[in-house]
Structures are given as C-alpha cells and as structure tokens.
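Contents: one structure, followed by commentary.
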Amino acid sequence: MLVKFVLLQKRLLKKYGFLMMLCLAPLLAVGVGRLSKEPAGIAAIALYVPEGDETAKEVAGRLLQKESVFVYLPCEDEKAARKLVETGEADAAWIFPEDMEERIEELSEKRRVRPVVTVVERQDSVPLVLGREVLSAAIYPTFSYGVYEGYVRGELEMEDIPDETLRATYESVAVRGSLFRMVYPDEMPGETEDFTYVQAPLRGILAIWFTFVGLAAALYFMQDEERGVYSRVPAPKRLLASYGSAAVFLLDAAIVLLFSCKLAGVFTRWSRELVSCAVFAACVLAFANLLRLLCRTPRKLGMLFLPLGAVMLALCPVFLNLQHFRAGKLLLPPWYYLQSIHNTRYLYEMAVYTVILVLVSSVVWRVQSRRV
C-alpha cells in the first residue's frame, strides 16, 4: 500500500494541472489576507468635525477608535465634505455642527431641536442605512448621559451633586460594549471567529474548491480507466481502487486547505479543523465517486462542473445563507463542512451522509457490474 501511495503521489506531482489546482487555494488565501489588512470598506464616509466642540470630538472618537466596515475621510470644512459626495469620492458626508453639545442638551431635555448631525448622501442604500445606525450608536452615550443628568438634577432636584460624583455613578451602572453577542450553537463563549467581512467568504470558496479537486480526481480515474491503467485490477476491487486513487488527490488538497485557512486568518482550533477536514475529505471522496458511477463517462462528469459549482455557491453559506432549499443543501458536502466548523451536530450528520453515499455507490457499482 505504501509503495502504491508513493507511486500515485509521484505521478500526481508530475501533472502540471494538478499542481496549478493546488496553488489556487494558497494564492487566494494570500490575496484575501492582504486585502483584509488594507483600508477598505463597504462605503466611504466624509467626516467633518469642528475643532471647537468637545462633544463632536468625543462622538467622532467613538467612530474612529475601532475597526469598522466604513472608510472615514476627514475633511477640513463642511464645503469639502459636501464636495466629496458630489464628485463621487464619498458615498455620504456626516457634518458635525459647531454647537453639537448644545443641540444634544436640547434633545435630552425633550425640547424642539435642530438636527444633531447633518447627513448628506448621493443615494439611499443598505450600507448607508447601516451607517446611520452606526452614527446613532456613537451619539447615543452622550445623549444617554444628558437624559440621566437632566433627570437627576431636574426631576429629583439634586442640583448640588458634583459632576464627578454624577459621572461616576452613571459609569458604575452603564452597560459596557454591546447588549448582544454573536455565538454559534454548541460553541463556548468567546470562541466566535474574529475576521473581517472580506475574509468571511473564503472558507466557503475553499470548500467548493476542495469539492472540485475530488471531482477532478474522479475524472482522472475515469480517463486512466479508459486508457487501461487499471485493466489488471479485478472488477470487484475496481471501486476500492477508485477510492484509493482519489484519496491521494484529497490528501494533498486537505493539507493545502488547512494551510490556506491558517494563511488567510480564518483558522479556528487545530482539533476542530483537523476532524472537520478529515470527515469532509471522506464525504467528498464518496460524493465524487458516486457521481462518477452515475455519469459513467468523463464527458458527462465534466459537464456537471459548471452547474454544480453554481448550485454550491447558491445553496452553501458562502456569500449568503438562504433559509430555504434545505433538501438541496443536504446533498452538498460543502454545506455540512461549513456548518460543522461551528456546530458539532453537523459533523455527525456529515459522517452519516458519507456512509450513505458509500452504500449507495456500492449498490450502483454492483448493478452496473451485472449489466456488463
């Protein structure tokens, strides 16, 4: 077995097509990794903050001090901010007023007020709607303290309390961070993946690439079979030979898959990644061999590549996670793999699906052998 493995591996490494296929994943990972570190976002926001208003500086500081999906373009004055929107260099402009502190005080006292921040947009869009929510979240802490201070000094008539004491009492009960925290089912707190929106689709793309490697392995086996490479292998053992030949392909691809995830910054834990990748490789191996048996010719199998890729992109959670078409999702190995990274239940489901594929392949093989 070791000799056969070495011979198959040596033969594969002489195929330039196979080497190019393996190089695609790390090249993509390097590109996405570098892109995620660049200052990029879903929208560009021109930001004008007046020098004389401390409240405006405080709110702007909340926007700029943490990573965001928006790119902020500081401007010297309101005219420059508006011009960036007019020329298309920015999608929107947030113009902070000179008297922002006074306006927020008026708002907290529930009197008629002027706009707190002037928002100029070229056109309404989903990213800009999200941007307005981000802006409101940055203003809210200042507004919240104004309401609190007005209630204590006005409604409770405790005007003699020092500002330091009032602020310390407020800070002691204030909620830190977000009221909500995203976690995946069956996952310990604090283990959510930490990557940018640019990196998010990478694992799904790699999973589809890995599936195509499995299909390419099945295609190579069919071509070798037509050339008589496996003519000396007894017919009952031909199915096992197909598994062994494709396993060499997928072993190399699995190493590249793990390396690419690590390289791109979407890696979780070694124990989780190794187990999920191993079961995924077995699932793709069984899936590709079943398609090979059903198609029966290299031409028919090759015709499946494009439509199958489109289906996997649509149904697997690569860019979107559709809530419908569950029956179609359950037939695709990448869907199980992408879910199993965050939920061990799908890992067991993928293992069961693999066993079903192997059993169905055995039945199809026996039916086809009898016909021959």
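- Taking CG from Asp91 and CD1 from Ile45, the interatomic distance works out to 6.5 Å, rounded to the nearest 0.5 Å.
- Residues Thr344 and Arg272 fail the side-chain proximity criterion, which asks for heavy atoms closer than 4.5 Å.
- Nearest heavy-atom pair, Ser260 versus Leu206, reported as atom, atom and distance to 0.1 Å: CB-CD1, 3.9 Å.
- The hydrophobic cluster containing Ile255 does not contain Val284, counting ILVMFWY residues as joined when their side-chain heavy atoms lie under 4.5 angstrom apart, directly or transitively.
- Residues Leu308 and Leu291 meet the side-chain proximity criterion, which asks for heavy atoms closer than 4.5 Å.
- The nearest pair of heavy atoms linking Ala90 to Leu73 is CB-CD1, 4.2 Å.
- Residues Leu219 and Gln223 are in side-chain contact: their nearest non-hydrogen atoms beyond the backbone lie under 4.5 Å apart.
- With hydrogens and angles ignored, the 3.5 Å screen pairs a side-chain donor or acceptor of Gln368 with a backbone N or O of Leu293.
- Defined by atom type and a distance below 3.5 Å, a donor-acceptor pair is missing between the side-chain atoms of Tyr48 and Arg82.
- Counting heavy atoms from C-beta on, the side chains of Trp335 and Arg326 come closer than 4.5 Å.
- A heavy-atom distance below 4.5 Å is found between the side chains of Asp224 and Arg227.
- No side-chain heavy atom of Phe249 sits less than 4.5 Å from a side-chain heavy atom of Leu285.
- Clustering ILVMFWY residues whenever any of their side-chain heavy atoms sit less than 4.5 angstrom apart, transitively, puts Tyr348 in a cluster other than the one holding Ile356.
- Cluster annotation: Val120 is not connected to Val116 through the hydrophobic network of ILVMFWY side chains, with a link wherever side-chain heavy atoms come within less than 4.5 Å.
- Considering every non-hydrogen atom in both Tyr336 and Leu330, the closest pair reads OH-O, 2.7 Å.
- Heavy-atom contacts from other residues, nucleotides or ligands closer than 6.0 Å to CZ of Arg299 number 12 or fewer.
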### Task
Assess whether side chain to side chain contact (heavy atoms under 4.5 Å, CB included) is satisfied between Val355 and Leu359, documenting all intermediate values.
CA-CA 6 Å; Val355 172; Leu359 294 176; 4.1 Å; yes
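- Although no hydrogens or angles enter the test, the distance criterion places a donor-acceptor pair under 3.5 Å between the side chain of Tyr353 and the main chain of Leu331.
- When every heavy atom of Glu78 is checked against every heavy atom of Ile95, the shortest pair comes out as CG-CD1, 3.4 Å.
- The heavy-atom pair separating Ile104 from Phe143 by the smallest distance is CG2-CA, 3.9 Å.
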### Residues Leu22, Trp209; criterion side chain to side chain contact (heavy atoms under 4.5 Å, CB included); working and verdict
CA-CA 9 Å; Leu22 290 184; Trp209 164 83; 4.3 Å; yes
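- Side-chain contact between Ser340 and Val279 is absent, with no heavy atoms from C-beta onward closer than 4.5 Å.
- Checked by atom type and distance alone, the side chain of Ser276 never pairs as donor or acceptor with a backbone atom of Glu273 at under 3.5 Å.
- Leu290 and Met303 sit in two unconnected hydrophobic clusters of ILVMFWY residues. Membership requires side-chain heavy atoms under 4.5 Å apart, directly or through other members.
- The side-chain heavy atoms of Val318 and Met312, taken from C-beta on, include no pair separated by under 4.5 Å.
- With values rounded to the nearest 0.5 angstrom, Glu51 atom CD is found 5.0 Å from Lys57 atom NZ.
- Between Ala281 and Leu250, the closest heavy-atom pair is O-CD1, 3.5 Å.
- Taking OG1 of Thr142 as the start and CE of Met100 as the end, the distance is 7.0 Å to the nearest 0.5 Å.
- Atom CD of Glu121 sits about 9.0 Å away from atom CH2 of Trp94, to the nearest 0.5 Å.
- Remark: Phe305 CZ to Phe212 CZ distance equals 7.0 Å, nearest 0.5 Å.
- Between Leu313 atom CG and Leu332 atom CG the span is 10.5 Å, to the nearest 0.5 Å.
- For the residue pair Ser361/Asn289, the side-chain donor-acceptor check at 3.5 Å is not satisfied.
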### Task
Under the side chain to side chain contact (heavy atoms under 4.5 Å, CB included) rule, what do Gln339 and Lys329 come out as? Steps first, then yes or no, please.
CA-CA 11 Å; Gln339 300 290 346; Lys329 295 177 180 179; over 6 Å; no
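- Side chain of Tyr346 to main chain of Tyr337: no donor-acceptor pair is present (N/O by atom type, distance under 3.5 Å, no hydrogens or angles).
- The backbone N or O of Ser242 sits nowhere less than 3.5 Å from a side-chain atom of Ser245 that would complete a donor-acceptor pair.
- Val117 and Val85 fall into different hydrophobic clusters, defined by Ile, Leu, Val, Met, Phe, Trp and Tyr side-chain heavy atoms under 4.5 Å apart, directly or through other members.
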### Query
For Val256 and Phe259, what are the C-alpha separation, side-chain angles and deciding distance, and is it a side chain to side chain contact (heavy atoms under 4.5 Å, CB included)?
CA-CA 5 Å; Val256 173; Phe259 176 71; 5.6 Å; no
